[in-house]
Q: 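This is the structure I have questions about; it appears just below.
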Amino acid sequence: MNFLKKHKKKLIIGAILIIVLAAAAPTIIAAIGKLYTAQETVIRTDWTTDIGEIVDQDEELQIEYAQAVLGDSVRALQLVPMDIEEEGFTYYDTEVQGRLEQALENLKGGDMSWTATTPLIVLNPYGTGSNGLYLYFETDHKTQVTYTIHVEDGDIPDYTALAQEADGEEFTNVHEFQIIGLVPGETNQVTMEVKGSWGNVRQSVSFTVEMPETQSGYATRLETTDGDSGEALSDGLYAMMRVNGYLGYGFFFDNDGILRYEMALEGFGMDRILNWNQDLITCVSASKLARINGLGQVEQVYDLGNYELHHDIGFGQDGELLVLAEDTEGETVEDLVLSIDMESGEVTELIDFTEILPDYFAITRPIKATDDMFWQAGEWDWIHLNSLQYMGEDDSLIVSSRETSTIIKVKNIHGEIELDWMAGDDGFWADTPYAEYCLEMDGDFVPQYGQHCVEYLRDGDEDGVYYLAVYNNNYWSVSSRDDYEPDLADSVGTKLYGTGDETSQVYVYRIDENARTFSLESSFDVPYSSIVSNGSQYGEEEHWVVNSGVSKVFGEYDSEGNLIREYAYGCDMQNYRTFKYDMEGIWFAGAVD
């Protein structure tokens, strides 16, 4: 009898625990989600790396000169700020960068005669690229430098590049550039060919570099799978941006899936790279952008103050950056567009979409722990802007809203701003005051859902007609509205990780502002990704570079959408985007003949 009472008591306690855990589950899940997303705002506090013996120091500049640990074949230095371990130190500080630049100038102008056979070599001089190798030397004649990197591991193909000189000259007597392509954790043999203007090789110099492992711990090789297309891959490097689990780094892989550059950021991820006057501009933390030259030197930092970056940056009017962001002190998230003056760094709040769509905003609510986007529980992510595209002709901006599965155009953004049109499932807007702004679907196709990375592709055959590239995630979810249930086609996914049958697509839309219509010009299927991702056209071949973040793959496709090669990568949940860049004018002076 006592046994039955005790057993019954245990059952009751167990049932109560199950009920309590079930009730608490959404809160626990949301808390775990918050811990996961919090990594996006973490700021790097440790910039130290392994160095060799300290050989000299400059008290005035507060810089130590250390021997770089790169093997016995090459004598190279590292520049170490003496305040590197102090709280608040960052390489993304123009004062720190100025000291490093002066330290380099002192080395260049010293008693040594720097030649092609005895160049000044400095590993990662500005702290922004862990495997970048700076070289400086002079030649009697105006020449250019081509280098080839050979790795003793036979599975890694040789990598050849034409060095981009810091002075921008094609042929010069003073050579100052960064070698890009050294593979971390490998023994790299570098062969430099110093060529005259007629193509004759005046000097050939070789040395060996034993590169340290990556700072991030990320893999230096990706698994590759060739597709059915017979076209060759385009030249360039794939830039993986915001790899979860490895935030605070950017990774550049070649066509063989070999890591050729590891960019060290302050936090967050790159989102996109803009090329401006032979400098690159990108995100370097959740609240900073930076302009970085081809040597890795930070020329300018754009500090957003109380704003945080989210998802995209782009050029606006001359001398202007446009940035998707949120106000950390506001009640809503991911619904602002900022304007940054590229010369002064002044940050202005340009567009608040709660003022563009006030009647729709009024029927939304903060996300709950039981919603699809549970990791954002408590956040009022009512529109979730994830890409922007400036159109200069009518001073307009096209943005992608994931939460509403709608592409939105606003015009006259530097004046009296107006809502122009919206493209997507018009049923979503049927019972709102914005139904009249919806473009009519021209043709029989399924509109995009949860789309990302909407980009201008090309003009049409008349004014007011143009084409947009869209990564159609093909995933329906809304976490900030309770009064709408869509009539979805069977092909549209509704599961975050899918059931195995879904696909995403790259869409090309034809926008006809005259007829107020949009139509599907072309599309092709890609691996399913419910969130994140991009499909962007690249190069003269008009190939497509497509990242399907949740599937953890990116690939290059030919102009018809046939896969050339796919690359599988590791990360916690997803990699946000992968673009391809030729980096000409920044790291490379052009294609190698």
Side-chain angles (χ1 to χ4, degrees), residues 49 68 70 74-79 91-92 96-97 100-105 107-108 114 116 119-139 143-149 159-170 172 174-184 186 188-194 205 207 209 211-212 214-215 236-237 239 249-254 258-265 270 273 275-282 284 290-299 581-592:
T49 57
L70 298 178
V74 61
R75 294 190 62 186
L77 294 173
Q78 279 183 267
L79 307 180
Y91 277 110
Y92 290 92
V96 173
Q97 294 288 308
L100 293 167
E101 180 185 24
Q102 188 57 56
L104 271 182
E105 289 297 321
L107 289 170
K108 288 155 53 177
W114 303 113
L120 170 62
I121 304 178
V122 182
L123 176 64
N124 186 16
Y126 293 103
T128 60
S130 68
N131 59 327
L133 199 64
Y134 167 94
L135 265 70
Y136 174 87
F137 59 90
E138 299 181 13
T139 53
T143 52
Q144 63 178 193
V145 179
T146 300
Y147 58 86
T148 297
I149 297 170
Y159 185 78
T160 300
L162 181 59
Q164 172 64 40
E165 300 287 355
D167 61 9
E169 296 294 325
E170 184 178 3
T172 183
V174 180
H175 299 274
E176 186 178 20
F177 58 89
Q178 188 176 195
I179 288 181
I180 302 294
L182 297 167
V183 182
E186 301 285 352
N188 299 255
Q189 183 180 32
V190 180
T191 300
M192 293 194 307
E193 289 190 338
V194 182
V205 179
F207 55 89
V209 180
M211 282 301 297
T214 57
Q215 288 185 11
L237 292 172
Y249 294 95
F251 304 115
F252 294 78
F253 285 87
D254 68 14
I258 305 300
L259 180 67
R260 295 296 178 176
Y261 194 68
E262 179 188 55
M263 184 177 287
L265 309 172
M270 294 186 292
I273 290 175
N275 187 334
W276 188 68
N277 292 343
Q278 297 188 320
D279 289 345
L280 67 86
I281 296 174
T282 193
V284 296
R291 179 165 59 86
I292 306 169
N293 68 23
L295 302 178
Q297 180 183 4
V298 178
E299 301 271 14
Y581 298 104
D582 59 26
M583 301 306 285
E584 287 189 15
I586 300 175
W587 292 341
F588 311 120
V592 179

Q: Could you check if a side-chain atom of Leu280 sits within less than 4.5 angstrom of a side-chain atom of Met583, using non-hydrogen atoms only?
A: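 Yes; the side chains approach each other to less than 4.5 Å.
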
Q: Applying side-chain contact (heavy atoms from CB on, under 4.5 Å) to Asp582 and Phe588, what does each step give before you reach the verdict?
A: CA-CA 8 Å; Asp582 59 26; Phe588 311 120; over 6 Å; no

Q: Calculate, to the nearest 0.5 Å, the distance between atoms CD and CD belonging to Glu176 and Glu138 respectively.
A: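 The CD atom of Glu176 sits 10.5 Å away from the CD atom of Glu138.
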
Q: Between the main-chain N or O of Ile273 and the side-chain N or O of Thr282, is there a donor-acceptor pair closer than 3.5 Å?
A: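 Here the side-chain-to-backbone pair does not exist.
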
Q: Where is the tightest heavy-atom contact between Gly181 and Ile149, given as atom of each residue plus distance?
A: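 Heavy-atom minimum between the residues: C-CD1, 3.3 Å.
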
Q: Atom CD in Gln278, atom CD in Glu165: separation rounded to 0.5 Å?
A: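 The CD atom of Gln278 sits 11.0 Å away from the CD atom of Glu165.
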
Q: Could you state the interatomic distance from CG (Leu79) to CG (Leu100), rounded to the nearest 0.5 Å?
A: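 Here the interatomic distance stands at 6.0 Å.
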
Q: If you round to the nearest 0.5 Å, how far is NE2 of His175 from OG1 of Thr139?
A: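 These two atoms lie 3.0 Å from each other.
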
Q: Looking at side-chain heavy atoms only, is the closest gap between Phe207 and Leu70 below 4.5 Å?
A: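 SC-SC contact between Phe207 and Leu70 ruled out.
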
Q: Kindly give the heavy-atom pair with the smallest separation between Leu107 and Trp114, and that separation in Å.
A: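 In this case the closest contact between Leu107 and Trp114 is O-NE1, 3.1 Å.
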
Q: Would you find a donor on one side and an acceptor on the other, under 3.5 Å apart, between the side chain of Glu170 and the backbone of Gln144?
A: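 No, because the side chain of Glu170 does not come within donor-acceptor range (under 3.5 Å) of the backbone of Gln144.
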
Q: Applying the side-chain contact (heavy atoms from CB on, under 4.5 Å) criterion to Tyr136, which one of Val174, Leu104, Val122 satisfies it?
A: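 Answer to the side-chain contact (heavy atoms from CB on, under 4.5 Å) test with Tyr136 among Val174, Leu104, Val122: Val174.
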
Q: Taking C-beta and beyond as the side chain, do Ile258 and Tyr159 meet within less than 4.5 Å on heavy atoms?
A: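 Side chain of Ile258 against side chain of Tyr159, heavy atoms only: no contact under 4.5 Å found.
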
Q: For Glu262 and Gln215, indicate whether the former's side chain and the latter's backbone hold a donor-acceptor pair under 3.5 Å.
A: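 Yes, because the side chain of Glu262 sits within donor-acceptor range (under 3.5 Å) of the backbone of Gln215.
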
Q: Tell me if a side-chain donor or acceptor on Thr214 pairs with a main-chain N or O of Pro184 at a distance below 3.5 Å.
A: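 Side chain of Thr214 to backbone of Pro184, a donor-acceptor pair under 3.5 Å: no, none is there.
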
Q: Does the side-chain contact (heavy atoms from CB on, under 4.5 Å) test come out yes or no for Val190 and Leu182, once each step is laid out?
A: CA-CA 9 Å; Val190 180; Leu182 297 167; 3.7 Å; yes

Q: Please step through side-chain contact (heavy atoms from CB on, under 4.5 Å) for the pair Leu133 and Leu135, ending with a clear verdict.
A: CA-CA 7 Å; Leu133 199 64; Leu135 265 70; 4.1 Å; yes

Q: For Met263 and Trp587, which heavy atoms make the closest approach, and how far apart are they?
A: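 Heavy atoms of Met263 and Trp587 come nearest at CE-CZ2, 4.4 Å.
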
Q: Is the backbone N or O of Gly129 less than 3.5 Å from a side-chain atom of Asn124, with the two atoms forming a donor-acceptor pair by type?
A: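 The answer is yes, because a donor-acceptor pair under 3.5 Å joins these two groups.
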
Q: Looking only at heavy atoms, which two atoms of Ala163 and Ala589 are closest? And how far apart?
A: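 Of all heavy-atom pairs spanning Ala163 and Ala589, the closest is O-CB, 3.4 Å.
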
Q: Whether the side chain of Asn131 engages the backbone of Arg260 through a donor-acceptor N/O pair (distance < 3.5 Å, no angle test) should be reported.
A: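 Yes, the answer is positive, given that a donor and an acceptor are paired below the 3.5 Å cut-off.
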
Q: Would you give the length of the straight line joining atom CG of Asn293 to atom CG of Asn277, rounded to the nearest 0.5 angstrom?
A: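 The CG atom of Asn293 sits 12.0 Å away from the CG atom of Asn277.
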
Q: In terms of relative ring orientation, are Phe177 and Tyr147 parallel, tilted or perpendicular, with 30° and 60° separating the classes?
A: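 Phe177 and Tyr147: parallel rings.
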
Q: Which pair of heavy atoms, one from Gln78 and one from Ala68, lies closest together, and at what distance?
A: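 That closest heavy-atom pairing would be OE1-CA, 3.7 Å.
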
Q: Checking Gln97 against Tyr92: is there a side-chain donor and acceptor pair closer than 3.5 Å?
A: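 Judged by distance alone, the side chains do not pair up.
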
Q: Main chain of Ile292, side chain of Glu299: is a donor-acceptor contact present, judged purely on distance under 3.5 Å?
A: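 Side chain of Glu299 to backbone of Ile292: no pair is present.
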
Q: Side chains of Thr148 and Glu193, heavy atoms from C-beta outward: is any pair under 4.5 Å?
A: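 Not touching, per the 4.5 Å side-chain cut-off.
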
Q: Please examine the side chains of Gln178 and Tyr126, heavy atoms only from C-beta on, and report whether any two atoms are closer than 4.5 Å.
A: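 A side-chain contact is absent here, since even the closest heavy-atom pair is not under 4.5 Å.
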
Q: Please report the closest heavy-atom contact between Gly132 and Leu123, naming both atoms and the distance.
A: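 Minimum heavy-atom contact is O-CD1, 3.6 Å.
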
Q: In Å, rounded to the nearest 0.5 Å, how long is the span from CZ of Phe137 to CG of Leu120?
A: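 Here the interatomic distance stands at 11.0 Å.
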
